[in-house]
Chemist: 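Pasting a structure here, questions to come.
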Amino acid sequence: SAMDGYGLCAEDLAAARSPKVVRSVRAGADPGGELAPGEAARLLTGAALPAGVAAVVMEEHVELRDGRVHPHRRLRGGDNIRRRGEDVALGDALAAAGTRLDPRHVALFAAAGLGQVT
């Protein structure tokens with residue numbers, strides 16, 4: 001998730017429904033099983049998306065009533081979603097040869113899943 005908000009299914013986007021929040025997912029947590037139409041997930045920035053999420057509506061653009069998400073704006077599929085690999089492609093150099101490494105590089109390597117660099 002690119003931001004704090006609610007993950008919605010494509011069917012709910014198309015029908016402008018108000019799905020029920022069935023779970024919350026933090027960054028680094030298991031997103032759980034697939035969301036069904038009529039279900040939404042509360043997502044924090046950086047959280048992995050449960051299968052079935054087509055878009056994330058920003059929390060500032062919804063009203064919660066009786067555990068249901070009522071978006072104030074229409075969304076399109078893919079809105080507010082960051083796809084794996086869109087910032088760095090497989091094989092890209094994360095730091096130039098000879099770079100003196102500091103904590104930001106270590107964080108970058110860890111985020112890319114690298115435990116060792118050459």
Side-chain angles (χ1 to χ4, degrees):
S1 179
M3 58 198 52
D4 292 350
Y6 296 88
L8 307 177
C9 296
E11 295 86 349
D12 296 326
L13 296 176
R17 295 185 194 142
S18 298
K20 181 177 182 167
V21 179
V22 296
R23 75 180 79 127
S24 181
V25 184
R26 297 180 324 272
D30 182 339
E34 184 170 359
L35 285 183
E39 296 180 336
R42 170 78 168 107
L43 302 169
L44 299 182
T45 302
L49 303 178
V53 170
V56 176
V57 59
M58 295 172 61
E59 70 178 303
E60 297 91 333
H61 298 157
V62 303
E63 180 181 339
L64 286 177
R65 283 181 289 174
D66 300 321
R68 294 191 170 275
V69 177
H70 299 270
H72 297 303
R73 297 180 180 197
R74 296 282 282 177
L75 293 171
R76 294 172 301 175
D79 281 355
N80 304 314
I81 292 176
R82 299 290 175 253
R83 303 284 178 202
R84 182 176 295 162
E86 77 177 26
D87 55 345
V88 178
L90 184 63
D92 282 355
L94 300 180
T99 299
R100 184 180 182 101
L101 303 181
D102 61 36
R104 67 191 160 136
H105 296 99
V106 174
L108 176 63
F109 301 149
L114 299 173
Q116 183 176 331
V117 297
T118 54

Chemist: What closest approach, in Å, do Val69 and Ala40 show between heavy atoms, and which atom pair accounts for it?
Modeler: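 For Val69 versus Ala40, the nearest heavy atoms are CG2-CB, 4.1 Å.
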Chemist: Do the side chains of Arg23 and Pro50 get nearer than 4.5 Å, heavy atoms only?
Modeler: yes
Chemist: Looking at Asp12 and Pro37, would you say the former's side chain and the latter's main chain have a donor-acceptor pair under 3.5 Å?
Modeler: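 Not a single qualifying donor-acceptor pair exists.
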Chemist: Roughly how far, to the nearest 0.5 Å, is the CZ atom of Arg42 from the CG atom of Asp4?
Modeler: 5.0 Å
Chemist: For Ser1 and Met3, work out which heavy atoms get closest and say how close.
Modeler: OG-O, 2.5 Å
Chemist: Please lay out, stage by stage, how Arg100 and His105 fare under the test side-chain contact (heavy atoms from CB on, under 4.5 Å).
Modeler: CA-CA 9 Å; Arg100 184 180 182 101; His105 296 99; over 6 Å; no
Chemist: Locate the shortest heavy-atom distance separating Arg26 from Leu44; write the atom from each residue and the value.
Modeler: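 Looking at all heavy atoms of both residues, the shortest contact is CG-CD1, 3.7 Å.
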Chemist: Linking I/L/V/M/F/W/Y whenever any side-chain heavy atoms sit under 4.5 Å apart, do Val21 and Leu8 land together?
Modeler: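 Looking at the clustering, Leu8 is in the same group as Val21.
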Chemist: Enter the distance from Arg73:CZ to Glu60:CD here, rounded to the nearest 0.5 Å.
Modeler: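 If we round to the nearest 0.5 Å, Arg73:CZ and Glu60:CD are 9.5 Å apart.
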Chemist: Could you pull out the closest heavy-atom pair between Gly78 and Ala55, with the gap in Å?
Modeler: N-CB, 4.2 Å
Chemist: Can you tell me if Asp66 has over 12 outside heavy atoms packed within less than 6.0 Å of its CG?
Modeler: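 No, not enclosed.
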Chemist: As an exercise, state the distance from CE of Met58 to NE2 of His72, rounded to the nearest 0.5 Å.
Modeler: 12.0 Å
Chemist: Looking at Val57, is its backbone amide N or carbonyl O close enough to the side chain of Asn80 to form a donor-acceptor pair, meaning the two atoms are under 3.5 Å apart?
Modeler: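 No, Asn80 side chain to Val57 backbone: no donor-acceptor pair under 3.5 Å.
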Chemist: Connecting only ILVMFWY residues whose side-chain heavy atoms lie within less than 4.5 Å of each other, what is the rest of Val53's hydrophobic cluster?
Modeler: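 Via sub-4.5 Å side-chain contacts, Val53 links to Val22, Val25, Leu35, Leu43, Leu49, Val56, Ile81.
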Chemist: Side chains of Leu94 and Val117: does their closest heavy-atom pair fall under 4.5 Å?
Modeler: no
Chemist: To the nearest 0.5 Å, what is the distance between NE2 (His70) and CG (Leu64)?
Modeler: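 One finds 8.0 Å between NE2 of His70 and CG of Leu64.
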Chemist: Quick check: is Leu108 connected to Val106 through a chain of hydrophobic side chains (ILVMFWY, heavy atoms under 4.5 Å apart)?
Modeler: no
Chemist: Side chains of Arg68 and Arg17, heavy atoms from C-beta outward: is any pair under 4.5 Å?
Modeler: no
